[in-house]
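Everything numeric in this text was worked out from a predicted model, so none of it was measured. Just follow the structure's listing: the first ligand is 1, and inside any ligand the first atom is 1.
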Amino acid sequence: MKLSKVKKLKGVIYPPGDKSISHRVALISALSTGENLIENFLIADDTLSTLNCLKNLGVEIELSDKLRIKGKGLKGLKKPGSVLNAGNSGTTIRLLSGILAGQNFDSEITGDDSLRRRPMMRIVKPLRMMGAKIEASVDGTPPLKIFGVEKLNPIEYELEIPSAQVKSCLIFAGLYTDGKTKIIEKIPTRDHTERLLGLKTYLEDSKKIIEVDGGQKIEAKNYFVPNDISSSAFFIVAGSIIPESTLVIKNVGLNPTRTGFIDVLKRMGANIEVENLREIANELVGDVIVRSGKDIELKNLTLSGDIIPNIIDEIPILAVAGAVAHGKFEVRDAVDLRNKESDRIKAIVVNLRKMGIDVEEYEDGFAFEGVKKLKGALIETFNDHRIAMAFSIAGLIADGETIIDNPNCVTISFPGFYDVLKNLQN
Ligand code: S3P
């Protein structure tokens, strides 16, 4: 994929359905007792991995204009005929493992080269405390072997690292106990699972407690998945750093545990408005309008501490915004970025350097001074969808040509990304 400087971007965008919510809706539907109809489910490689695993567990799934999932109830899954394949998807392996840990049959789950490098002890350790019989490979990575048990034990567990995947894994495992599981979060993370299941949550000593009653019946429902705010982020930044742009991004999920990057961009001076704000199925949804003037004058800042989990998936594209803003852009306390689909600290540092930025790398982040002009470069995506999309946007403001080494990796979360981008340039 070749990209070069554009004059402006204009248009209306309908990004695909939210990835985090789509995974969760599929898993919850599979455990329900009846037929679920899901509107705007994300059809992309990651969510197809979840659907394929569920099919392998005996769940009937049919896709026409909506997704139809026939729930099996908590105890109705069947032993898979083969090793479950989560592909590139951390959400699939971590959330599904919470369900598999409570089954009375053995299973094994693995994934692609990237997933087989990612840390799993963060779920293995608390699942074992619940009585799960689960083994990772020696270095704590997939494949995970999960052995059948009659039931799990409820626990009280404070998350050691802020992670919605770990939290959600334990919520699912909590359904397979005969008591109350309490999960304690010091730093909030995306809360879609507790919203979808309607769980009781409250604050205690400024920590969030999530309670899960074991054995609860999950009713079948009709779901609507809002458009993905993390996919929208590439366009929200593009509209903020490409002069004389106006972009309207429709029906975006605006859950406050996901909107931190919009606050960051506004603090940097971007002109972003939300219209048509409404609540659909317990999630905030709205249209995001981003406009830029003739001269872009964004100011840089430091991102660290409790905001990091809220903006974790948007750090690559925020770094692109920082690259052309005034002053020092710094990210700290983000060591878990090294454990994503790629080592995202390395991927950001390597590619910003290629585009002419003098970047300092830290174990938990990076820092640099913004520049007036980026240089076009050959971008290494490390097969990571968010790196490909972030640096494609950088290519639209750089001098000269930018080439993305493996643009196809965007199919993980946003198969139509390059078509949408092209339509905004006309
Ligand atoms: C996700 C949670 C985050 C995020 C990932 C999706 C989820 O991961 O980076 O892309 O759907 O729960 P962690 O929970 O590991 O931080």
S.K.: With rounding to the nearest 0.5 Å, note down the distance linking NZ in Lys186 to CD in Glu160.
M.R.: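 The NZ atom of Lys186 sits 8.5 Å away from the CD atom of Glu160.
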S.K.: Under 4.0 Å from a heavy atom of Ile312: which atoms of ligand 1 are those, numbered in the order shown and with their elements?
M.R.: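 Those of ligand 1 that fall under 4.0 Å from Ile312 are 9 (O).
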S.K.: Hey, would you say the Phe391 and Phe234 ring centroids sit under 6.0 Å apart?
M.R.: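 Distance test on ring centres: not under 6.0 Å, no.
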S.K.: Where does Arg190 meet ligand 1, judged by heavy-atom distances below 4.0 Å: at the side chain, the backbone, both, or neither?
M.R.: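 For Arg190, the contact with ligand 1 is made by the side chain alone.
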S.K.: N/O of Ala164 under 3.5 Å from N/O of ligand 1, yes or no?
M.R.: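 Between Ala164 and ligand 1 (N or O atoms, distance only) the closest approach is under 3.5 Å.
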S.K.: State whether a side-chain donor-acceptor pair under 3.5 Å links Asp18 with Asn227.
M.R.: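 Distance-only check fails for Asp18 and Asn227.
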S.K.: At what distance, to the nearest 0.5 angstrom, does CG of Leu421 lie from OG of Ser392?
M.R.: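 It is 7.0 Å, given to the nearest 0.5 Å.
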S.K.: Is Lys340 touching ligand 1 with its side chain, its backbone, both, or neither, if touching means heavy atoms under 4.0 Å apart?
M.R.: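 For Lys340, the contact with ligand 1 is made by the side chain alone.
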S.K.: Name the option, out of Ser163, Ser20, Pro119, that contains the heavy atom nearest to atom 15 (O) of ligand 1.
M.R.: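 When every heavy atom of Ser163, Ser20, Pro119 is considered, Ser163 comes closest to atom 15 (O) of ligand 1.
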S.K.: Identify, with sequence neighbours excluded, every residue that meets side-chain contact (heavy atoms from CB on, under 4.5 Å) alongside Asp112.
M.R.: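 In terms of side-chain contact (heavy atoms from CB on, under 4.5 Å), with neighbours along the sequence ignored, Asp112 is linked to Asn88, Ser114, Leu115.
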S.K.: Of the protein's non-hydrogen atoms, which lies at the shortest distance from atom 10 (O) of ligand 1, and what is that distance?
M.R.: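 Its nearest protein heavy-atom neighbour is Asp313 OD2, 2.8 Å.
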S.K.: Considering non-hydrogen atoms of the protein only, which is the closest contact for atom 12 (O) of ligand 1, and what is the distance?
M.R.: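 Protein heavy atom with the smallest distance to atom 12 (O) of ligand 1: Arg24 NH2, 2.6 Å.
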S.K.: Looking at ligand 1, would Thr91 count as a contact under a 4.0 Å heavy-atom criterion?
M.R.: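 The answer is yes: ligand 1 sits under 4.0 Å from a heavy atom of Thr91.
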S.K.: In Å, rounded to the nearest 0.5 Å, how long is the span from CD1 of Ile123 to NZ of Lys167?
M.R.: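 Nearest 0.5 Å value for the CD1-NZ distance: 15.5 Å.
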S.K.: Once you round to the nearest 0.5 Å, how far does CZ of Phe417 lie from CE of Met389?
M.R.: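 One finds 6.0 Å between CZ of Phe417 and CE of Met389.
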S.K.: Counting non-hydrogen protein atoms only, what is the nearest one to atom 1 (C) of ligand 1? Give residue, atom name and distance.
M.R.: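 Here the closest protein heavy atom is Gln165 NE2, 3.5 Å.
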